[in-house]
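All heavy atoms count here, side chains included; hydrogens, waters and symmetry mates do not.
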Amino acid sequence: MMRGRQLLGSPVLWVGLLFAALLLRMDALQPLLRLGFPGVEPVIYNRDSFLALFLSQLGLVAVASLAASLFGVALAVFVTRSAGRDFRAMVNALATVGQTFPPAAVLAIAVPMVGFGARPTVIALFLYGLLPIIENAVAGLEGVPHGVHEAAEGMGLSAWQRLYQVDLPLAAPVILAGVRVSVTIAIGTATIGLTLGTPIFDGLVANKLPFVLEGAVLVALFAIFTDMLFGRLERRLRPAAD
């Protein structure tokens, strides 16, 4: 009974339900939107389904964020080991430069190399997502207490065993915080592709504000819902790390 009340009182549940309802039945708001925007026809974006656009955005964000997470954590591990400490400044600089490029510029450079479609967007999201992951992963790995390292060495653990059994588990909450920021950035940046950002750009071009609002609200709810899920996962990891 208590667990059911906690579930019903969870903001994550209600944000998720609202997002799903608008994603599947945006047309239910048609009477309200007609009152707010008289003379706009159609008042609901209908060139593609919002569900299809969401699934496209979800796929782009998932692929790019997974690649950025694996690559970013691997680089962080490398530059926090004795063999790679000299490369730390260079890795940080490259990640920073990657995030300062405008998404449109990344697409313009990537399209001639990889062609049109999802791949240029994935490259842009990947570059944009690296910096927070690398920064947090480095901070998390360097934040492991020296005494813990000494205890692990005293137990006879090898360098790889210390990494997988000690360093990464203890740094996991901080690393996850970086992934959380990276994914949120990716959700916003992914609007440059054939995603929930399409109604926004079509609405701007055709001067149809309802399209812009529909796309913007869905993107915002997607980002908020995802951020809330990461927040719950972080809270579950922290007690084990503390």
Side-chain angles (χ1 to χ4, degrees), residues 1-66 102-104 106-107 116-118 120-122 124-125 128-129 132 177 179-235:
M1 186 70 174
M2 184 64 69
R3 190 171 182 178
R5 289 180 181 177
Q6 290 176 347
L7 180 63
L8 290 176
S10 171
V12 179
L13 173 65
W14 294 109
V15 171
L17 288 176
L18 177 60
F19 177 55
L22 291 178
L23 197 64
L24 299 174
R25 290 302 309 272
M26 183 70 75
D27 59 306
L29 296 180
Q30 188 165 297
L32 181 62
L33 289 172
R34 286 190 188 283
L35 288 175
F37 303 95
V40 177
E41 287 293 340
V43 75
I44 302 293
Y45 181 80
N46 58 5
R47 293 185 183 178
D48 205 343
S49 74
F50 288 109
L51 179 60
L53 293 173
F54 163 69
L55 292 176
S56 174
Q57 183 163 352
L58 179 63
L60 292 174
V61 171
V63 171
S65 296
L66 178 60
V106 176
L107 289 178
F116 291 95
T121 307
V122 169
L125 300 184
Y128 263 63
V179 174
R180 179 181 181 179
V181 173
S182 177
V183 171
T184 304
I185 292 173
I187 291 173
T189 309
T191 54
I192 61 176
L194 186 60
T195 62
L196 291 172
T198 304
I200 298 175
F201 292 113
D202 285 0
L204 292 173
V205 171
N207 195 26
K208 292 186 176 182
L209 186 55
F211 290 5
V212 177
L213 291 176
E214 289 155 16
V217 167
L218 287 173
V219 172
L221 287 174
F222 181 21
I224 292 170
F225 180 63
T226 304
D227 184 72
M228 285 180 166
L229 291 177
F230 271 103
R232 290 176 69 92
L233 183 56
E234 272 189 63
R235 287 193 293 272

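Rounding to the nearest 0.5 Å gives a distance of 3.5 Å between CD1 of I187 and OG1 of T226. Summarising the geometry, atom OG belonging to S56 is positioned 11.0 Å from atom CG belonging to L51; distances are rounded to the nearest 0.5 Å. Here CG of L55 is found 9.0 Å from CG of L196. Values are rounded to the nearest 0.5 Å. If you take CG on L60 and CG on L58, they are separated by 9.0 Å, rounding to the nearest 0.5 Å.
Listed by chain and residue number, V12, F225 satisfy the side chain to side chain contact (heavy atoms under 4.5 Å, CB included) test with L229 (two or more places apart in sequence, or in another chain). Scanning for side chain to side chain donor-acceptor pair (under 3.5 Å) contacts around R232 gives an empty result, with sequence neighbours left out. The side chain to side chain contact (heavy atoms under 4.5 Å, CB included) check on L22 picks up L18, M26, L29, V217, L218, L221, with sequence neighbours excluded. Residues passing the side chain to side chain donor-acceptor pair (under 3.5 Å) test with D27, sequence neighbours excluded: R25. Shown here are the ring pair (Phe, Tyr, Trp, His ring centres under 6.0 Å) partners of F54, two or more places apart in sequence or in another chain: F19, F222.
Residue V61 is tested with T184, V183, L66, V122 for a side chain to side chain contact (heavy atoms under 4.5 Å, CB included); the sole match is V183.
For residues 49-62, there are no salt bridge (Lys or Arg N to Asp or Glu O under 4.0 Å) pairs, not counting sequence neighbours. For residues 179-205, no residue pair satisfies the ring-ring contact (aromatic ring centres under 6.0 Å, His included) rule, not counting sequence neighbours. For residues 205-229, the pairs satisfying salt bridge (Lys or Arg N to Asp or Glu O under 4.0 Å) are R180-D227, with sequence neighbours left out. Applying the side-chain hydrogen bond (donor to acceptor under 3.5 Å, both in side chains) test to residues at least two apart or on different chains, the pairs with a partner in residues 36-46 are R34-E41, Y45-D202.
Taking each heavy atom of A64 and L125 in turn, the nearest pair found is CB-CB, 3.4 Å. For G197 against Q57, the heavy-atom pair with the smallest separation is N-OE1, 4.4 Å. Across all their heavy atoms, P42 and F211 have their closest contact at O-CE1, 3.3 Å. The shortest non-hydrogen separation linking E234 to A177 is OE2-CA, 3.7 Å. The shortest non-hydrogen separation linking V40 to P210 is CG1-CG, 4.0 Å. For the pair A28 and P31, the tightest heavy-atom approach, listed with the atom from each and the gap, is O-CD, 3.5 Å.
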Apply side-chain contact (heavy atoms from CB on, under 4.5 Å) to T195 and L53, showing your working.
-> CA-CA 5 Å; T195 62; L53 293 173; 5.6 Å; no
